[in-house]
There are 2 protein chains.
Amino acid sequence: MTDTDPSERTFPAGIAARLRREILTGELPPGSPLKERDHALRLGVSRTPLREAVRMLGQEGLVTLRPLRSPIVADPSLAEVLDEIAVLRQLELFSGGLACVNASDAEIGTIAQMVDRIAEQHATGDKLDVFDLDMRMHRAIADAAHNAALSRTYGEYLARLWRIRFLSARERADAPRVLADHRDMVAALRDRDPDRMMAAIGSHLDGLVRNVTRHFQRREEGPDQP
Amino acid sequence: MTDTDPSERTFPAGIAARLRREILTGELPPGSPLKERDHALRLGVSRTPLREAVRMLGQEGLVTLRPLRSPIVADPSLAEVLDEIAVLRQLELFSGGLACVNASDAEIGTIAQMVDRIAEQHATGDKLDVFDLDMRMHRAIADAAHNAALSRTYGEYLARLWRIRFLSARERADAPRVLADHRDMVAALRDRDPDRMMAAIGSHLDGLVRNVTRHFQRREEGPDQP
DNA sequence: GCCGCACGGATGGTATACCATTCTGGCGGG
DNA sequence: CCCGCCAGAATGGTATACCATCCGTGCGGC
């Protein structure tokens, strides 16, 4: 179903996935222009599907579209990111509360397994793998709320914040708290306890805000490097 | 250029606006296919910009995109609409609370004027005008929260729910409550009272849920009409 | 008489050619 | 020496031709 294989799959969305990855990993740094002809040639497709892919990324907020100008990789300010996190918080609190009511036992079991795997791999595994698994876990919680619109919008925000979350994750020395939050979430789901769920989510996002703020501060101090 | 174009200018978004209007007014009823060649010819543009416009409407949820098939005008179920309203409620509660803190006095004044005009025109004016003004007023409240991401996402949900809100608005004999909700919102903004604000918003959306549910029930009973 | 299959039209997807606007570099006047 | 302007290149926007896939229809076999 989900082609996490970004290599060569369906064109319009596949191209978008490939560009997305290049943006999120920093191969395409913020501010760099996405010239249609160049990238179309590079990726071996025509301008038409590439154009559509760029529009998708624009919708996701990863690139900034400008009329009659080259689209550029977005470079959001701290204030913009904090605004997005504030919305993400509302969506996640809502979905967490709903999930405590609507999630099936099987879904909770799946989420619990994900949490375990995250805890296991946190010491050993590849950072990026753990990060991806973490994101899928959060998405699974949103899905367990059984509200398609909510799940979709929440997913959009997660995607939009992917890069900054990844960058700021380097800073964190707070792995114990993160893992404790995860355990709390699973326990709250099992107990069908929305209050505890929301508390854990709140703690989780407070940590994210701290990390992101610190990340921007450090970037401010050490100004320039590509 | 050649074609009649009184209202909209820029092509890609302009075409989308035109199609959107045709969908929302019912000229393009739910389920009808949006064949690229036909509508491109009809609107006097090429397939390329029309295609992009259709993608925009797909993103908005007004049309359903199917791979290798004609896109069709979306026809959401009651459950889907209620899910979307649930998300809209969270976004609106959040923006209402924020607006009580962040709104400038000037913004509150503008919103108050809009509320007054809605109340005036409710008896006399054109239904569609009042409806449009109502939507702009709610959007103004969201803007007064001073969170760009929230404003954008809230706007998307308002747009997505435009048609069903309009259709179900016919049912309502609850104009007094709606207007009272509006007055409550303005009072809450002036008093910087988030609790009262959220209560008014809750009442407002409860009414919407009732109207929408009733609308679907009646549609169920009297099955067919184009 | 019914089911299956092949063929042709319809339709979305892609590639490419063309147009309009904008950016850039250099030249000339102040 | 600097500012402004003008031509040409670069680049996004649009139109169109071509291709792949799907769908309906009718013919033929069972």
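Computed from a predicted model, the values in this text were never measured in an experiment. Heavy-atom basis, side chains included; hydrogens, waters and symmetry copies ignored. Each chain gets a letter, A, B and so on, in the order its sequence line appears, and its residues count up from 1.
Comparing B:P71 and A:P49 against DNA chain C, the residue whose closest nucleotide sits nearer the 5' end is B:P71. Nearer the 5' end of DNA chain C, as judged by each residue's closest nucleotide, is the contact made by B:D38, out of B:D38 and A:E52.
Rounded to whole angstrom, the span from the CZ atom of A:R69 across to the P atom of D:dT11 amounts to 12 Å. Whole-Å rounding puts the A:R37 CZ to D:dA9 P distance at 14 Å. As rounded to whole Å, 15 Å separates atom P of D:dG13 from atom NZ of A:K35. Counting to the nearest Å, the P atom of C:dG12 and the CG atom of B:L34 are 9 Å from each other. Atom CD1 of B:I15 is separated from atom C1' of D:dG13 by 13 Å (rounded to the nearest Å).
Atom CD of residue B:E60 and atom CD1 of residue B:I23 lie 9.0 Å apart, to the nearest 0.5 angstrom.
Note on B:S70: only backbone sugar-phosphate atoms sit closer than 4.0 angstrom, heavy atoms only; bases stay farther off.
The aromatic ring centroids of B:H138 and B:H182 lie less than 6.0 Å from each other.
Within residues 59-68 of chain B, the residues having any heavy atom under 4.0 Å from DNA chain C are, by residue number, B:L68.
Residues A:Y157 and A:E84 have side chains that never bring a donor and an acceptor to within less than 3.5 angstrom of each other. If you check the side chains of A:H146 and A:E107, you find a donor sitting under 3.5 Å from an acceptor.
A cation-pi arrangement, defined by a distance under 6.0 Å to the six-membered ring centre and an angle within 45 degrees of its axis, is absent between B:R163 and B:F166.
More than 12 heavy atoms of other residues, nucleotides or ligands sit less than 6.0 Å from atom CZ of A:R66.
Residue B:R51 places at least one side-chain N or O closer than 4.0 Å to OP1 or OP2 of C:dG13. Note on B:R47: every side-chain N or O is 4.0 Å or more away from OP1 and OP2 of D:dA17.
Of the candidates D:dG13, D:dC23, C:dA15, D:dG13 carries the atom nearest the A:R55 side chain, counting heavy atoms from C-beta on.
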